[in-house]
Amino acid sequence: MAPDLAIETHGLAKLFAGRPAVDGVDLAVPAGSTYGFLGPNGSGKTTTIRMLLGLLTPSAGTWSILGRTMPEAAMSTLPHVGALVEGPAFYPWMSGRDNLERFDAMGPGRSPATRPARIADALARVGLTAAAGKKYKAYSLGMRQRLGLASALLVPRRLLVLDEPTNGMDPQGTREIRHLVRELAADGATVFLSSHLLSEIQQVCSHVGVMHRGRLLAQQTLPELLSSTGPRLRAEVDDPGRAAQVMAGLGMTDVSVSGTQVAGSLGEVLPEECCRRLVGAGVAVRMLVPEHASLEDAFVALTGEGFDVAG
Amino acid sequence: MWLVEARTVFSRARVRALLAVLLAVPVFLAVAVYLAGGPRAGEGPTFLDRASHNGVFTALAGLVVTMPFFIPLSISVVAGDAVAGEANLGTLRYLLIRPAGRARLLAAKGVVTALFCLAAAVDVVLAGLVAGVILFPHGPVVTLSGTTVPFLDGVGRALLASLVVGVSMFGLAAIGLFVSTLTDVPIAAMAVTIGLVIMSAILDGVSQVAFLHPWLFTNYWTAFTDLARDPMRWHLIWKDFLLQLGYVVVFGAGAWARMLTRDVLA
């Protein structure tokens with residue numbers, strides 16, 4: 001039996017002016033997981049998140065949140081979902097605390113009696129207690145981001161959808177957010193985290209989904225994704241051209257030369273075997289390093305090296 | 001939710017400035033008439049010739065002067081900002097995720113905009129009454145029909161007139177709210193709304209399109225002056241209310257349909 005899914009989509013798609021921004025996405029986010037949602041700029045991450053939360057109407061597809069069909073169940077499901085979508089947004093002329101008060105009061109199911117305590121808690125959790133009385137327009141980008149998180153944490157949530165939560169934050173803040181995400185996950189919440197910071201994702205996530213040009217290219221546990229790219233071997237040699245030929249001849253893939261270094265994916269080839277062949281072929285080996293693929297390698301392997309934003 | 005919305009809107013410096021300007025107009029008018037003397041009987045804007053006779057007429061003159069432009073302008077600003085302003089700030093997406101509920105949020109916006117219509121008109125009349133009572137006599141009031149009513153009766157009529165004016169702005173408020181759901185740019189919604197006021201007022205003055213006049217939302221805006229007669233004449237005021245109700249239903253439905261289906265990208 002499939003585990004409970006906090007987010008499930010089937011064929012979710014969105015056309016903008018006839019062009020697909022999101023094209024048949026099937027997400028399966030297990031309950032209790034910390035799910036890293038990756039993809040280059042313009043790959044459809046934020047559009048997907050907006051559809052999940054009912055801000056955009058999908059052009060096709062179905063989806064459910066916390067086991068309930070959306071968008072019909074939005075009013076009963078969304079109270080359990082804390083979200084930060086494409087940066088924080090608040091009223092500039094109001095203080096941080098007044099802003100939280102307004103959002104807390106503008107919907108059903110939140111007790112006014114516990115409101116001041118909950119707001120104080122949320123502000124303390126993101127380290128904003130001292131700046132709570134300041135007007136939002138005086139906040140720095142990082143403080144605004146923190147206030148956005150505080151708003152998502154006003155009540156205990158079963159699901160948190162965090163779109164680039166560390167955007168604009170100092171290293172200290174980034175660490176705190178990582179800590180916060182782990183804490184939330186430890187409390188049993190599902191965290192759906194979109195980020196460009198692959199090292200962030202690698203540190204906190206149990207599952208990963210990779211978007212590219214509106215499609216979900218991969219969706220696996222983090223260890224699965226990392227092992228799918230396989231280990232690589234990097235060698236520093238006197239004759240890189242010859243070494244590359246030997247590696248390719250052994251059946252290694254993705255072989256590339258850069259300066260005096262040659263690298264390639266090992267596949268089934270053993271590093272010691274490669275070493276013996278190189279030496280046997282008269283290549284002088286100065287260094288030979290087997291490497292495990294990082295999330296960045298896996299990401300680039302899936303989405304390509306190109307720097308241009310998908311049109 | 002309505003209370004929270006009202007607090008947010010009325011706590012805004014912009015909204016307070018609008019109300020302050022509306023407050024200043026009748027005060028300015030009263031001081032000007034006090035210093036320079038009013039126009040001769042039958043000249044100038046309605047009631048201004050009587051402004052120095054009685055504080056009640058100062059208030060009514062204030063209403064006459066602010067009615068064609070200042071009050072509609074301030075309502076266009078508030079109504080045009082209602083949804084487009086939230087979209088522009090990005091707060092609309094967080095209100096919808098909260099979830100405030102699209103229909104309920106629009107209803108709260110509508111109620112608070114209506115509240116602002118009433119507040120704007122009451123604001124003018126109260127300022128006029130205070131300024132008028134300080135600067136001019138405040139005895140029994142001579143009505144337009146020549147009869148005399150007690151001072152408090154006159155004050156009551158002035159306040160009633162402000163409520164009538166407030167309600168006669170509901171149609172405009174609904175138009176503004178509808179336009180506000182169409183865009184993410186609040187200034188555009190405000191400009192379009194005030195543009196429609198001007199257009200309606202111009203059409204109202206062109207006799208060649210007289211057949212249109214009963215349908216223009218500005219047509220009965222001055223009907224409140226009938227409250228200064230004795231007995232008060234309600235005929236045009238009821239007609240106006242019916243017309244405003246029509247505008248609220250049509251544009252309210254438009255805003256509702258747009259709000260429920262809108263893709264929130266901002």
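Protein chains get the first letters and strands the later ones, always in sequence-line order, with residue 1 at the start of each.
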Non-hydrogen atoms of chain A under 4.5 Å away: do they reach the side chain of Leu3(B), the backbone, both or neither?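 Nothing of Leu3(B), per the 4.5 Å heavy-atom cut-off to chain A.
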Structural part of Glu86(B) lying under 4.5 Å from a heavy atom of chain A: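 Contact with chain A: side chain only.
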Could you check whether Phe90(A) and Phe103(A) have their ring centres less than 6.0 Å apart?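 Yes.
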Aromatic ring proximity, centroids under 6.0 angstrom, Phe192(A) and Phe37(A):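 Centroid separation for Phe37(A) and Phe192(A): below 6.0 Å.
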Chain A contacts, top residue of Thr261(B), Leu96(B), Ile97(B) (heavy-atom pairs, under 4.5 Å):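 Most heavy-atom pairs under 4.5 Å with chain A: Ile97(B).
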Counting heavy-atom pairs under 4.5 Å with chain A, which one of Met1(B), Arg98(B), Glu5(B) comes out on top?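 If we count pairs closer than 4.5 Å to chain A, Arg98(B) comes out on top.
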Please look at [X] and chain B and tell me whether the side chain, the backbone, both or neither of the residue comes under 4.5 angstrom of a heavy atom of that chain.
{"X": "Leu154(A)", "result": "neither"}
{"X": "Phe16(A)", "result": "side chain"}
{"X": "Met94(A)", "result": "side chain"}
{"X": "Ala83(A)", "result": "both"}

If you count heavy-atom pairs within less than 4.5 Å of chain B, which of Pro92(A), Ala152(A), Gly87(A) leads?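 Looking at each of Pro92(A), Ala152(A), Gly87(A) in turn, Gly87(A) comes out on top.
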Just give me the residue among Gly148(A), Pro88(A), Gly109(A), Ser151(A) that pairs up with chain B most often, heavy atom to heavy atom, under 4.5 Å.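 That would be Pro88(A).
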If you draw the axis of the six-membered ring of Phe10(B), does the NZ or CZ of Arg16(B) fall within 45° of it and under 6.0 Å from the ring centre?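 Pair Arg16(B)/Phe10(B) does not count as cation-pi.
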Any donor-acceptor pair under 3.5 Å linking the side-chain atoms of Ser76(A) with those of Arg68(A)?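 Note: Arg68(A) and Ser76(A) side chains meet the donor-acceptor criterion.
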